[in-house]
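These numbers were taken from a predicted model, which means no experiment stands behind them. Worth knowing before you read on, the calculation uses all heavy atoms, side chains too, and leaves out hydrogens, waters and symmetry mates.
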Amino acid sequence: MTMNHLSFYGLMKPMRDAFHGALILGISKRCYTIAGGETQPFSLICPRQIIKSTSMKKIPISYEVLGSGMILLKRYISLRDQVDIVNISQTWGVGPGGFYEPSHQSGAKLRLQMMCFGRNWDPITKYKKRFRSDGSEPPPLPSELISLAKTTIQDAQAHMDRLPSMQPDICIVNFYSPVYGRLGLHQDRDESSDSLQRGLPVVSVSIGDSAEFLYGKSRDKMKVNSVLLESGDVLIFGGKSRLIYHGVKQVFPDTAPVQLLQETMLRPGRLNLTLRQF
């Protein structure tokens, strides 16, 4: 089924108001900037005053099967673990091999910040080059993220058949601002032929602002499905859904959990980590 954007946001807004409800003061334009300077690396952190206005209701984890080999684990990652993921991403992201703006083949910049753990990937050379154009190589994949991916898959396997296990050795980290929070429909098909043929899953972790995620069997925008990804959600697609077309239609501002912002000062936007096995 397809969903009109206005109706989608209309369904999402009461949920946002009920569960997050923050008054954020003193946000300057720099908090919405996704470009790092030549001497100042991009930072996920943007200090500002955050005043909690409503209490956050605790909602249990739920599971939604979206297709063969595709499952959404809602509210799977605890607040504590979300904070840890932000801190890990920030620590490595401001160092060598950290966040940068990748380019298309045309030379145009993608409107997001990206870094990799474990193995270098970029939109032009894919996995062919060990080093980036700046001479840096990706930092090692943190053990915490490896454990998260493996545990998540194990829990998902209890709710669906034909979801293979995998040993993650790559993590691509993207940060989307609310202003430019879009990514066109595409397939994740640059991993090894063995990995793709076996349908080894991609584990996608969402932190921060919510996003409307699109997925379908083709690039036809009239035939895609839509689902809301919120902070702490984990989406897994493997098996027969490994080569599903997917993208991000929009990031919704001011939807991140208040406690997450208070503890991390994560700038407005969506932090997305996708783990996979080459």
Residues E212, S226; criterion side-chain hydrogen bond (donor to acceptor under 3.5 Å, both in side chains); working and verdict | CA-CA 7 Å; E212 182 178 1; S226 178; 2.8 Å; yes

[X], [Y]: one ILVMFWY side-chain cluster at the under-4.5 Å cut-off?
X	Y	answer
L196	I153	no
I61	V203	yes
W121	I124	no
L273	I45	yes
V94	L266	no

So, for [X] and [Y], which heavy atoms are closest and what is the spacing to 0.1 Å?
X	Y	answer
D233	K74	OD2-NZ, 2.6 Å
G67	S241	C-OG, 4.3 Å
L145	L275	O-CD2, 3.6 Å
P139	G97	CD-O, 3.9 Å
R130	P138	O-CD, 3.7 Å
A156	L73	CB-CD1, 4.3 Å

For Q259 and L79, run side chain to side chain contact (heavy atoms under 4.5 Å, CB included): C-alpha distance rounded to whole Å, both residues' side-chain angles, the deciding distance at 0.1 Å, then the answer.
-> CA-CA 8 Å; Q259 292 93 327; L79 175 64; 3.3 Å; yes

Okay, side chain of [X], backbone of [Y]: is any donor-acceptor separation there less than 3.5 Å?
X	Y	result
S195	E191	no
S192	F278	yes
S78	D81	yes
D209	T255	yes
N174	N272	no
E137	F131	no
S147	S143	yes
R48	C46	yes
S136	R132	no
Q187	L243	yes

Could you check if a side-chain atom of [X] sits within less than 4.5 angstrom of a side-chain atom of [Y], using non-hydrogen atoms only?
X	Y	result
P123	L110	yes
I85	N87	no
S165	Q157	yes
F99	V173	yes
D188	F237	yes
R198	P164	no
K240	M70	no
V224	F213	no

Check: H186 ring centroid to Y245 ring centroid under 6.0 Å =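 No, too far apart.
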
Determine the interplanar angle of the W92 and F117 rings, folded into 0 to 90°, and report it as parallel if under 30°, tilted if 30 to 60°, perpendicular if over 60°.
-> perpendicular

Nearest 0.5 angstrom please: [X] [atom1] to [Y] [atom2], how far?
X	Y	atom1	atom2	result
K249	L185	NZ	CG	10.5 Å
Y76	S206	OH	OG	14.5 Å
E64	H159	CD	NE2	13.0 Å
S89	L271	OG	CG	4.5 Å
R276	Q167	CZ	CD	15.0 Å
I236	M166	CD1	CE	8.0 Å

Check against side chain to side chain contact (heavy atoms under 4.5 Å, CB included), L66 and L235 = CA-CA 10 Å; L66 302 178; L235 177 69; 3.7 Å; yes

Hydrogens and angles aside, do [X] and [Y] bring a side-chain donor and acceptor to less than 3.5 Å of each other?
X	Y	result
D122	T125	yes
S62	R75	yes
S231	Q82	yes

How far apart are the C-alpha atoms of L229 and L72, what are their side-chain angles, what is the distance that settles it, and do they pass the side chain to side chain contact (heavy atoms under 4.5 Å, CB included) test?
-> CA-CA 9 Å; L229 297 183; L72 174 60; 3.6 Å; yes

Pair L214-N225, side chain to side chain contact (heavy atoms under 4.5 Å, CB included): steps then yes or no | CA-CA 6 Å; L214 306 177; N225 296 292; over 6 Å; no

Charged N to carboxylate O under 4.0 angstrom, E101 versus R111?
-> no

Answer yes when R119 and D169 have at least one side-chain N-carboxylate O distance shorter than 4.0 Å, and no when they do not.
->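 Result for this pair is no, no salt bridge flagged.
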
Are there more than 12 heavy atoms of other residues, nucleotides or ligands under 6.0 Å from atom NZ of K217?
-> no

Above 12 or not: heavy atoms from other molecules or residues under 6.0 Å from NZ of K129?
->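 Counting neighbours around NZ of K129, 12 or fewer heavy atoms of other residues, nucleotides or ligands fall under 6.0 Å, so no.
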
Please say whether the positively charged group of R270, taken as NZ for Lys or CZ for Arg, lies over the ring of F175, i.e. under 6.0 angstrom from the six-membered ring centre and within 45 degrees of the axis.
->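 No cation-pi geometry.
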
